[in-house]
Amino acid sequence: MEPCKGGALVKLPEEAERLLKAIAPQASNASWALRFAASQEGVARVLSGMNSMEQLLDNCKVFQNLQPLTERETAALNEARKIIEANTAVPCTGCAYCTHGCPKNIAIPQYFALLNSAARATGGFSSQNVYYNNTALTHGKASECIGCRQCEQACPQHLPIVECLRSVAEKFEQGTGFPIRR
C-alpha cells in the first residue's frame, strides 16, 4: 500500500492539492508520491498497487521518463505534508487488517475515515454522526472496544487503535473532544 499510503495520498485536502497543481497542473496526486519514493537515496524499485487501467497507465507514465523531484517540488511536498497532517485525525489507510477477528466487530477503518472527514469538515452540520450511527447498527460501537489490542498487532501503520477508538467514541457518541494525532 505504499508509497501512496493505501490511496490516502491520492485523496488530498483541497489546499494541498491546489499547492501541488500550481507547480505541475498535469501531474496526478499519485505521481507525486511515486516520484517522492523513487527520488530517495538507495531506492531501486517502487511498487504500487493499482485498481484500474487508468492507475496503471498513470504509474507507467511516471516511470517511463522518471524525473527526480526538484528542490522546489520537495519543498512543496513538505508543505502538502503539513496540510495533510493538520487535516488528518488518524492516519489510517483503510486496509482493514485490524478488523479481522475483532471480538466486538468494530468497523475500525470506517470509523477512522468518519473521524478524518469530521476533522476536515467546515461549517456547522456534519453528516459523519449519521454515518457513524448507521454503521453502528451492524457493527460494534467504538466505545465497545475491550482493549485486547489484537487490532494494533495487525496494523501495518502501527497506529494506537485503542486510543483512537476512544477519540471516535468521544466525538460521535459523546459529542466532545477531538482526537489526538500521531
Side-chain angles (χ1 to χ4, degrees), residues 1-17 28-30 32-34 37 47-59 80-182:
M1 289 186 295
E2 305 301 338
C4 295
K5 200 168 182 176
L9 295 180
V10 177
K11 301 173 197 117
L12 299 176
E14 288 179 23
E15 184 182 358
E17 190 164 352
S28 69
N29 292 344
W32 284 93
L34 295 170
L47 302 176
S48 173
M50 296 156 275
N51 296 320
S52 69
M53 181 58 78
E54 180 184 5
Q55 291 175 353
L56 174 69
L57 294 174
D58 185 46
N59 287 3
R81 177 188 52 81
K82 291 175 188 173
I83 294 166
I84 293 165
E85 287 176 351
N87 287 280
T88 304
V90 181
C92 172
T93 63
C95 70
Y97 296 153
C98 57
T99 61
H100 305 299
C102 174
K104 294 297 184 176
N105 190 31
I106 299 173
I108 298 166
Q110 291 91 331
Y111 291 161
F112 290 171
L114 291 172
L115 196 60
N116 286 335
S117 292
R120 293 181 183 125
T122 57
F125 177 75
S126 165
S127 59
Q128 285 78 25
N129 286 74
V130 174
Y131 294 132
Y132 177 83
N133 289 327
N134 286 337
T135 303
L137 292 173
T138 57
H139 293 83
K141 290 183 176 184
S143 62
E144 294 173 352
C145 173
I146 60 173
C148 69
R149 300 194 187 279
Q150 177 177 302
C151 52
E152 292 181 0
Q153 293 170 6
C155 179
Q157 302 301 323
H158 309 290
L159 297 176
I161 294 172
V162 172
E163 183 179 348
C164 293
L165 283 172
R166 286 188 200 115
S167 296
V168 171
E170 287 174 14
K171 176 70 177 163
F172 296 119
E173 295 175 37
Q174 298 153 15
T176 61
F178 222 77
I180 52 98
R181 290 197 60 259
R182 187 173 111 87

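Starting from 1, each residue takes its place in the sequence as its number. This one's a predicted model, so the numbers in the text were calculated from it and none came from an experiment.
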For side chain to side chain contact (heavy atoms under 4.5 Å, CB included), just list the numbers for V130 and N134, CA-CA rounded to whole Å, side-chain angles, deciding distance to a tenth of an Å, and then say yes or no. CA-CA 6 Å; V130 174; N134 286 337; 3.7 Å; yes
Would you name the heavy atoms of [X] and [Y] that are closest together and state the gap between them?
X	Y	result
L165	I106	CD2-CG2, 4.1 Å
V168	Y111	CG1-CB, 3.9 Å
G94	P109	CA-CB, 3.8 Å
N116	A89	OD1-N, 2.7 Å
N87	I83	ND2-O, 2.7 Å

Set of ring pair (Phe, Tyr, Trp, His ring centres under 6.0 Å) partners for F112, sequence neighbours left out: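 Result, ring pair (Phe, Tyr, Trp, His ring centres under 6.0 Å) vs F112: none returned.
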Going by the rule ring pair (Phe, Tyr, Trp, His ring centres under 6.0 Å), which residues pair with Y131 if we only count those two or more places apart in sequence or in a different chain? none
What residues, two or more places apart in sequence or in another chain, satisfy salt bridge (Lys or Arg N to Asp or Glu O under 4.0 Å) together with [X]?
X	result
E152	R149
K104	none
E54	none

Quick check: do P13 and I84 have side-chain heavy atoms less than 4.5 Å from each other? yes
Beyond-backbone contact of L115 with Y132, side-chain heavy atoms, under 4.5 angstrom: no
Spacing of SG belonging to C98 relative to CD belonging to Q150, to within rounding of 0.5 Å: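 Interatomic distance, C98 SG to Q150 CD, rounded to 0.5 Å: 10.0 Å.
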Could you tell me the separation between the OG1 atom of T88 and the CZ atom of R81, rounded to the nearest 0.5 Å?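 Spacing of OG1 (T88) from CZ (R81) equals 12.0 Å.
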Residues which pass side chain to side chain contact (heavy atoms under 4.5 Å, CB included) with [X], listed by chain and number, not counting sequence neighbours:
X	value
A30	C4, V10, S28, D58
E17	L12, K21, N29
Q55	M50, N51, S52

Taking only distance into account, with no hydrogens and no angle test, what donor-acceptor pairs under 3.5 Å do side-chain atoms of residues 138-147 form with protein atoms, sequence neighbours excluded?
unit_1	atom_1	unit_2	atom_2	d
T138	OG1	T135	O	3.4
H139	ND1	T135	O	3.4
S143	OG	E173	OE1	2.5
S143	OG	E173	OE2	3.4
E144	OE1	K141	N	3.1

Between E170 and R166 (salt bridge meaning N to carboxylate O under 4.0 Å), is one present in this structure?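 No salt bridge links E170 with R166.
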Sequence neighbours excluded, the answer for side-chain hydrogen bond (donor to acceptor under 3.5 Å, both in side chains) partners of N59 is S48
